[in-house]
Amino acid sequence: MGGCFSKPKPVEVKVELSLLEKEKEVDGLSPNGKASPFADCRPNGALGHGSDDDSTPLPLYHKPRDYVEASVCHVKDLENGQMREVDLGSGRALLIKEHGEFSAMGHKCPHYGAPLVKGVLSKGHVRCPWHGACFNIATGDIEDFPGLDSLPTFQVRVEKDKVIIRANKQALQSQKRSKPMARCSAVINSSSGFSHVLIIGSGPAGLVCAETLRQEGFTDRIVMCTMDRHPPYDRPKLSKSLDSTAEQLRLRSMEFLQDHDIELLTEKEVVAIDVKTRSVTFEDGLRMEYRKIFIATGSKPKPMNYKGKDVTNVFNIRTPEDANSIARLANNKNAVIVGTSFVGMEVAAALTDKAHSVSVIGIESVPFKKALGEKVGKAIMKLKEVVLKSGKVLRADVCVIGAGSIPATSFLKQSGIHLDSKGFITVNKMMQTNVDGVFAGGDVVMFPFPPRNNKKVNIPHWQMAHVHGRVAALSMMGRATDIKTVPYFWSAMFGKTIRYAGYGDGFDDVIIQGDLDELRFVAFYTRSEEVVAVASMNYDPIVSRVAEVLGSGKTIKKRDVE
């Protein structure tokens, strides 16, 4: 496949929920007259089931001026299971009514700022409409990922049928909070060659692992090492926002890590692990011993053979410097993208308002065919104008390789840590490898996935890496927990976002609702008679709603969506 991109015409996007309103009218029944699996989780909360606990009060400070108090509605303005965004003057809050009790918390998802009022309220938590993160309505704690922060909660009381919220002004402004973390109590010499926990990789798996250990009271030394020169940053944004700096993409600052005694070693590449002596060797010769180790090295670009590997205008997009260079070199020039991966197509879309021309070359006739199916792939392809036929030589002032990736595990080949035939690390449900004290997570692992009868799978999603980091940290502390999550990913191009939840590998049918030509649709992916995944464009919060149903352990049958 090959193609050139023309700039799409501006489109006014309206988010409608006609499908959900229809379901509301039939009182939660599916067409066959049986209770719909969607019945107890509605957008904006209808019929939600939640915790009976009151919202957690903030500690009382001595300065009343730090707080704002406001009457926000009449007690009968909200029905059970409903949410409303309310204004307190100094900021906004999300007001929730469950079982006759009111609670209030931050109204924006701390991940990308999505309005939670448009999310899904069910069983005591709110699920973000954009990327599926979940927050406990009583505590504000993040319960499912992506994202690192929790939400502030505010005091609510009812006086003379008026609902009154009392909130800390700073919390209203920030709309997020970090969970309390323990400090390191061990006496540490920074040049010491020993760490109680050594984390290889500073992506979401490694970072969540480190933060979870501190949140759970771990007081020994934690060292996180990375080949990157920057503190942890939001890598998925690189291909969508090529001009972003490492500072703008930052997940945690060096100051934050230092404040919580998480040591970060940058530009450190591990070349060998000796599991007998429990030690690692770095490329610069440094050797460090560990008690427990978490390997979260992610993936690396699939090697490609091409002439002139020393040229400076061919890139794999791995770092902010790569992205910035691509944007700079493509300015009013000819850009060629090799590969129709999500990353490749995102870069192509991001370059359309910078480059003179953008061409995409791939071996698939339709992009995303394996992941999303031919119909959805063709619909997304309509965002672009295809004018290239095979055999044409393309002039490339800048070339971006987006032709897939492989696990970054070559340094483990002689370690005794088990790798499968493709180089993935195999782990159990606690993220443990075959070697005592060695854990792994993120893109590098094959792990048992409960919805598929614990079949070993690889799910290289940003969101899933967060989950692995948390499970590994709890396992290290002897608090084994199950992987309870629904895989969730998203891709953005030309101002439109596609959302996807579930594990659709091996789907045998796709049920489309909505309008593919208008790019306002929801696609349900089925295996036999069961819905295993869902994707949508301009149909929020349907993907989060399906994620909520799948996450509760319910099965969605083909007939439920037909």
Side-chain angles (χ1 to χ4, degrees), residues 1-11 13 112 233-249 299 301-302 304 306 308-309 311-369 371-372 376-390 392-405 462 489-498 519 537:
M1 182 199 113
C4 286
F5 287 74
S6 60
K7 290 186 187 178
K9 293 176 183 175
V11 177
V13 177
Y112 279 8
Y233 59 88
D234 191 340
R235 182 167 268 143
K237 278 189 179 175
L238 286 179
S239 51
K240 303 173 183 75
S241 180
L242 299 170
D243 293 316
S244 297
T245 64
E247 182 80 10
Q248 290 167 329
L249 298 173
S299 55
K302 195 178 286 183
M304 278 191 73
Y306 55 89
K309 285 203 174 186
V311 293
T312 57
N313 62 344
V314 177
F315 296 90
N316 292 113
I317 187 160
R318 295 290 298 160
T319 67
E321 288 77 17
D322 291 338
N324 298 168
S325 296
I326 291 165
R328 186 181 71 253
L329 291 171
N331 191 36
N332 290 318
K333 298 290 179 64
N334 302 305
V336 173
I337 316 295
V338 179
T340 54
S341 64
F342 281 101
V343 168
M345 300 298 262
E346 287 170 1
V347 172
L351 286 176
T352 53
D353 61 352
K354 292 181 175 66
H356 171 68
S357 73
V358 182
S359 303
V360 178
I361 304 168
I363 57 173
E364 291 183 314
S365 58
V366 175
F368 320 133
K369 184 176 177 180
L372 301 177
V376 174
K378 282 182 175 176
I380 296 171
M381 203 166 156
K382 286 177 185 174
L383 285 169
K384 303 163 274 294
E385 180 187 351
V386 179
V387 296
L388 179 71
K389 299 296 179 187
S390 60
K392 184 176 177 181
V393 176
L394 295 169
R395 174 176 169 76
D397 297 297
V398 60
C399 180
V400 181
I401 310 291
S405 59
W462 184 252
F489 84 84
W490 60 96
S491 181
M493 8 183 155
F494 303 109
K496 296 182 182 294
T497 301
I498 187 155
L519 293 176
M537 261 188 166

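The first residue in the sequence is number 1, and the count goes up from there. What you see below is based on every heavy atom in this structure, not just the backbone, and it leaves out hydrogens, waters and symmetry mates.
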Beyond-backbone contact of [X] with [Y], side-chain heavy atoms, under 4.5 angstrom:
X	Y	answer
Leu329	Asp397	no
Asp234	Tyr112	yes
Lys333	Val398	no
Pro367	Met345	yes
Val343	Leu238	no
Ser491	Ile498	yes

Are any side-chain N or O atoms of Ser244 and backbone N or O atoms of Leu249, one a donor and one an acceptor, separated by less than 3.5 Å?
->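 Not at all, since once roles are kept as given, no pair shorter than 3.5 Å links the two residues.
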For the student: nearest non-hydrogen atoms of [X] and [Y], plus distance:
X	Y	value
Trp462	Arg235	CH2-N, 3.7 Å
Asp322	Asn316	OD2-O, 2.9 Å
Pro236	Glu346	O-OE1, 4.4 Å

Gap separating the CD1 atom of Ile380 from the CE atom of Met537, nearest 0.5 angstrom |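 CE of Met537 is found 5.0 Å from CD1 of Ile380.
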Can you sort out the partners of Phe315 under ring pair (Phe, Tyr, Trp, His ring centres under 6.0 Å), two or more places apart, ordered by chain and number?
->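 Partners of Phe315 under the ring pair (Phe, Tyr, Trp, His ring centres under 6.0 Å) test: none.
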